[in-house]
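Each remark here refers to the structure printed beneath this line.
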Amino acid sequence: MSPRSCTGVSPGELRRHLTRACLSAAFPRPSPAPRVPIRARASHPGQRPPKAMRFSQLLIHTLRDDPADAEVPSHRLLARGGYIVKAAAGLYSYSPLMWRVIKKFMRIVREELDRESAQEVMLPILQPKELWTSSGRWDRYVTDGIMFSLQDRKGADMCLGPTHEEVITAYVDTAVSSYKQLPINLYQIQDKFRDEIRPRFGLMRGREFIMMDAYSFDADQAGLDVSYQRMDRAYRAIFDRCGVKYTVVDADAGAIGGAGSQEFMVVADTGEDAILYCDACKYAANVEKADARLVAVPNQGEAKPLEKHATPEVRTVQQLEEFFSLPPQVMAKTVLYHAVWADREAVVAVMMRGDLEINEVKLCNALDALAVKLADETQIRAATGAEVGFAGPVGLPESVTLLADLSLQGQTNLLTGCNETGFHCLNVNPGRDSAAPAFHDLRLARAGQGCPRCDGELQEVRGIEVGHIFKLGTKYSSAMGATFMAESGKPAPFVMGCYGIGVSRTPAAVVEQFHDDKGIVWPRSLAPFEVIVAVLDAKRPAQVELGEKLYAEFAARGVDVALDDRKMSPGAKFKDLELLGFPLTLVVGRRADEGFVEVMLRRDGNKEEVAADSAVARCEELLAGL
RNA sequence: CGGGGCGUAGCUUAGCCUGGUAAAGCGCUUGGUUUGGGACCAAGAGAGCGGAGGUUCGAAUCCUCUCGCCCCGACCA
């Protein structure tokens, strides 16, 4: 039955056509209401009833075994704890407990953004192609295959928004007409869709995920700088409140485009990004963006005559080193790439000093291409006339754009391929023996290389990108013709910034950092509940009564508490609560009738027995220290 | 996209090589006994083996196609 058949049709019509099962789903009978509505029991009129929850009524389903498809700790534990349930690759249902975690994170995000005067909005997720062609991104996103696109009944192209620059820019263009209305900063927290090449690691890289996107609109660059700083401040406050260890790194602007961006990275071994940092000066950058100090090599002196040498089966830098007994620093490997732009594609040649590697992100940016990919054998043969392993600048067809890394600038007498199978050239001097290459920084920085800012050394850690802030400038506003009337009396494009936070990813990143062999260890700020009152034996009246009493006491004091009144054996209950990861558990057990309970801290497993009378106060005290 | 692996009960798996009409643990239901670290006994319910086609007297097992899921890789010449 399609959902549509259950709407816009009268109940009478439905009744004639639908099965009883469908009917009862569409018009469920109300379950008998309790004689006394629960809310009426909240004793203080005008005061909201205390947040309260009983585990016996909460949907919790923990698994004893690790799910077969979970690899990293956060995925494994979130799935085992029943926090997430997979619907398909990269698509998850969030359980009530997970949703509480996410809502807590969203609340933190909202509070900190609101503090910086951002305003929350709701934007369409289903978006028309026109919006994306107006910014020029439809092609790129379709080329990359990252965007879910579809057609409506009229055959019009639509997409599920992977991000919201276009929609928001169009909206602000409509709503804002004067510089007097600026600056403005709008944000939304909604689902985004990306057809990831490889969804994985549970919530880390999903195809549908929750993201906070904020967009700032300023009249000029100085205004953008201020907005950017405010968001930087908000982001630091947000991740500080989550208690995670994170680092802020320089980043490539990627498909979003624009100049200037930083990523907020949660440090974790399972992170998908590599971060290079310097302890000496605090330089930190995504490896995609990172620079490293260039170690100069001695110039090889006056240009000498070009020599051609037979080098059968010598294809790699390492083989060349042996064959010529020359260090890789005097070699220029020439790598062929297939680059794609919106309106064309071509093979380009990139020269890199033999001891260094090419950073494809930098290359892509240098070419202003949509994408670059190593050329395949056929393309290499077509461009160089030689087999793989013998490419060089000499005699390369004019149609092949030649780029070179800055490490080769001014270098003479290089060793390169000859574009002839089985031959390499000595004393190659680009410009004399070949076209003059365009020099760019195309190097891939690596751990162990020198810091680009000081004489320190770069080190590497892995990180999970949970936030990203960009200075977009007028890239989108110009492309889309989104302008306001400036003070000068002339229309000017908005100067924009955009700022994202992975709302569903962050809790997963937090779990990567906060777990042990027993399960999750939520930081207080994100835990689905801060305190659990656990009644160990739900059949003993003394325990149940005391548990209820303590639970009510916590609730009355506004503590984020739940009562674990499930009927399960003590061992199972302990294991379950540990897996779920609540910061504090108040165990009401065998000494309940003597008036004693036990406080357990999840973080270090410490237990202490306290008198029931002072239990709530003691818990609040412990919570304050978490 | 390339390579590899896996789809059997709600979950984790066995069975497949060597075809004979599906098994275990956990979970679930009922009854009873238990109750401070994933309790015990008894009785049950629950899958026709991802899907389609083929071979065969007979297919979870063999073959073909297909779908789904997981992992690795995506070439530095």
Side-chain angles (χ1 to χ4, degrees), chain A residues 60-72 75-76 79-82 85-91 144-145 197-202 311 313-321 328 331-338 349-360 362-363 371-377 379-381 383-384 386-392 405 415-419 421-422 424 442-444 446 518-519 534-540 542-544 566-580 585 587-592 596-598 600 605 607 609:
Chain A
I60 295 176
H61 73 295
T62 50
L63 271 28
R64 178 177 286 230
D65 300 302
D66 280 341
D69 59 3
E71 202 77 354
V72 299
H75 185 194
R76 212 181 69 234
R80 193 150 90 79
V85 174
K86 184 168 74 179
L91 304 173
D144 288 355
I197 295 175
R198 197 172 153 200
R200 61 178 146 184
F201 300 158
T311 55
E313 295 310 312
V314 175
R315 294 162 193 268
T316 67
V317 168
Q318 205 182 351
Q319 289 167 331
L320 283 167
E321 263 183 87
M331 299 177 199
K333 56 187 172 193
T334 305
V335 184
L336 294 160
Y337 278 91
H338 181 75
V350 183
M351 296 176 67
M352 176 60 68
R353 207 170 77 189
D355 60 326
L356 302 170
E357 286 175 32
I358 294 170
N359 179 328
E360 292 184 0
K362 289 183 181 177
L363 173 62
V372 294
K373 207 179 143 189
L374 279 165
D376 63 31
E377 228 177 290
Q379 292 163 334
I380 291 174
R381 213 180 275 270
T384 67
E387 284 176 19
V388 176
F390 300 98
D405 182 62
L415 166 55
T416 76
C418 282
N419 295 325
T421 303
H424 278 81
L442 300 171
R443 285 180 310 275
L444 185 70
R446 279 183 301 187
K518 293 175 179 151
V535 176
L536 271 201
D537 186 347
K539 285 181 188 158
R540 302 225 161 147
Q543 293 188 20
V544 174
R566 293 175 297 174
K567 293 177 171 61
M568 51 201 294
S569 71
K573 187 165 281 191
F574 283 127
K575 287 277 189 272
D576 217 49
L577 292 173
E578 279 160 353
L579 171 62
L580 291 170
T585 298
V587 181
V588 182
R590 61 187 162 206
R591 294 197 68 194
F596 284 96
V597 293
E598 196 171 69
M600 291 178 60
K607 307 171 184 180
E609 196 157 61

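FYI, side chains are in, hydrogens and waters are out, and symmetry mates aren't considered; it's all heavy atoms of this structure.
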Q) Checking all strands, does A:A391 fall into the base, sugar-phosphate, or nothing category for heavy-atom contacts under 4.0 angstrom? A) nothing
Q: Classify the nucleic acid contact of A:M600 as base, sugar-phosphate or nothing, counting any heavy atom under 4.0 Å across all strands shown.
A: base
Q. Just wondering, do A:H75 and A:R200 contact through their side chains at under 4.5 Å, heavy atoms?
A. no
Q) Can you check whether A:L444's main-chain N or O pairs, donor with acceptor, with A:K362's side chain at less than 3.5 Å? A) no
Q | Atom-to-atom span, NZ of A:K573 to C1' of B:U34 - whole angstrom | A | 15 Å
Q. Between B:U55 and B:C41, how far is it from one P atom to the other, in whole Å?
A. 49 Å
Q) Touch check for A:E360, heavy atoms < 4.0 angstrom, all strands: base, sugar-phosphate only, or nothing? A) base
Q: State which of B:C76, B:A77, B:G36 makes the closest approach to the side chain of A:E598.
A: B:G36
Q) In whole angstroms, how far is the C1' atom of B:G37 from the CZ atom of A:R590? A) 11 Å
Q: Looking only at side-chain atoms of A:A68, point me to the closest of B:A77, B:G36, B:U12.
A: B:U12
Q) Does B:A42 have a Watson-Crick or wobble mate here (both distances under 3.5 Å), and if so which one? A) B:U30
Q: Check whether any side-chain N or O of A:T384 sits under 3.5 Å from a backbone N or O of A:A391 as a donor-acceptor pair, and report yes or no.
A: no
Q: Would you confirm whether A:K573, through its side chain, and A:D537, through its main-chain N or O, come within 3.5 Å as a donor-acceptor pair?
A: no
**Q.** Nucleotide nearest A:K575 (side chain, heavy atoms from C-beta), chosen from B:C70, B:G38, B:A77
**A.** B:G38
Q) So, the side chain of A:K333 versus the backbone of A:L356: is there a donor-acceptor pair under 3.5 Å, distance only? A) yes
(Q) Can you tell me which nucleotide in B:C76, B:U12, B:G37 comes closest to the side chain of A:E357? (A) B:C76
(Q) On RNA chain B, does the nearest nucleotide to A:D537 precede the nearest nucleotide to A:D576 from the 5' side, or the other way round? Give the residue. (A) A:D537
Q.
If I take atom CG in residue A:L356 and atom P in nucleotide B:A77, what distance separates them, rounded to the nearest angstrom?
A. 11 Å
Q.
Using a heavy-atom cut-off of 4.0 Å across all strands, would you classify A:R80 as base, sugar-phosphate, or nothing?
A. base
Q. Has A:K333 got a side-chain N or O lying under 4.0 Å from the OP1 or OP2 atom of B:A77?
A. yes
Q.
Heavy atoms only, 4.0 Å cut-off, all strands: where does A:D66 land among base, sugar-phosphate and nothing?
A. sugar-phosphate
Q: Rounded off to whole Å, could you give me the NZ-to-C1' distance for the A:K567 and B:U35 pair?
A: 13 Å
Strictly under 3.5 Å: I want the nitrogen or oxygen pairs between protein and nucleotides 27-29 of chain B, one per line.
none

Q: Could you tell me whether A:R315 contacts a base, only the sugar-phosphate backbone, or nothing, with contacts defined as non-hydrogen atoms closer than 4.0 Å?
A: sugar-phosphate
**Q.** Residue pair A:R80 / A:P67, side-chain heavy-atom distance below 4.5 Å
**A.** yes
(Q) Could you tell me how far apart A:D65 (CG) and B:A14 (P) are, to the nearest whole angstrom? (A) 12 Å
Q: Please examine the side chains of A:R566 and A:I60, heavy atoms only from C-beta on, and report whether any two atoms are closer than 4.5 Å.
A: yes
Q) So which nucleotide does B:A47 pair with, by the Watson-Crick or G-U wobble rule with both distances under 3.5 Å? A) none
(Q) Just to be sure I understand the rule, does A:K607 reach a base, reach only the sugar-phosphate, or reach nothing, if contact means heavy atoms closer than 4.0 Å? (A) base
Q.
Please report the distance, rounded to the nearest Å, between CG in A:D376 and P in B:C75.
A. 13 Å
(Q) Set out, in order, the CA-CA distance, both residues' side-chain angles and the distance that settles side chain to side chain contact (heavy atoms under 4.5 Å, CB included) for A:K86 and A:D69, then state yes or no. (A) CA-CA 10 Å; A:K86 184 168 74 179; A:D69 59 3; 2.5 Å; yes
Q.
For a quick check of understanding: with a heavy-atom distance under 4.0 Å over all strands, which category does A:L336 fall into, base, sugar-phosphate or nothing?
A. base
Q: Mind checking A:K373 for me? I need base, sugar-phosphate or nothing, with any heavy atom below 4.0 Å counting as a touch.
A: nothing
Q: Starting from C1' on B:A77, measure out to CG on A:L442 and report it in whole angstrom.
A: 17 Å
Q.
Return the pairing partner of B:A23 with a 3.5 Å limit on both distances, Watson-Crick or G-U wobble; otherwise return none.
A. B:U13
Q.
Can you confirm whether A:R591 sits close enough to A:E609 that some side-chain heavy atom of one is under 4.5 Å from a side-chain heavy atom of the other?
A. yes
Q) Could you state the CD1-C1' distance from A:I380 to B:C76, rounded to the nearest angstrom? A) 11 Å
**Q.** Integer angstrom distance from the P of B:C63 to that of B:G5
**A.** 13 Å
Q | Complement of B:G53, any strand, by Watson-Crick or G-U distances under 3.5 angstrom | A | B:C63
Q: Pick base, sugar-phosphate or nothing for A:A88, based on heavy-atom distances below 4.0 Å to the nucleic acid.
A: sugar-phosphate
**Q.** Atom pair OG1 (A:T585) and NZ (A:K607), whose distance is rounded to the nearest 0.5 Å
**A.** 11.0 Å
Q.
Which nucleotide, if any, forms a Watson-Crick or G-U wobble pair with B:G68, using both distances under 3.5 Å?
A. B:C6
Q. Does A:K86 place a side-chain N or O at less than 4.0 Å from the phosphate oxygens OP1/OP2 of B:C70?
A. yes
Can you check nucleotides 71-73 of chain B for protein contacts, nitrogen or oxygen pairs under 3.5 Å, and list what you find?
{"from": "B:C72", "atom 1": "OP2", "to": "A:R198", "atom 2": "NH1", "distance (Å)": "3.2"}
{"from": "B:C72", "atom 1": "OP2", "to": "A:R198", "atom 2": "NH2", "distance (Å)": "2.0"}

Q: With heavy atoms under 4.0 Å as the rule, sort A:V350 into base, sugar-phosphate or nothing.
A: nothing
Q: With the side chain counted from C-beta on, respond yes when A:E321 and A:Q319 share a heavy-atom pair under 4.5 Å apart, and no when they do not.
A: no
Q. Is there a side-chain contact between A:M352 and A:R443, using heavy atoms and a 4.5 Å cut-off?
A. yes
Dump the pairs, protein N or O against N or O of nucleotides 41-43 of chain B, anything under 3.5 Å, distances to one decimal.
none

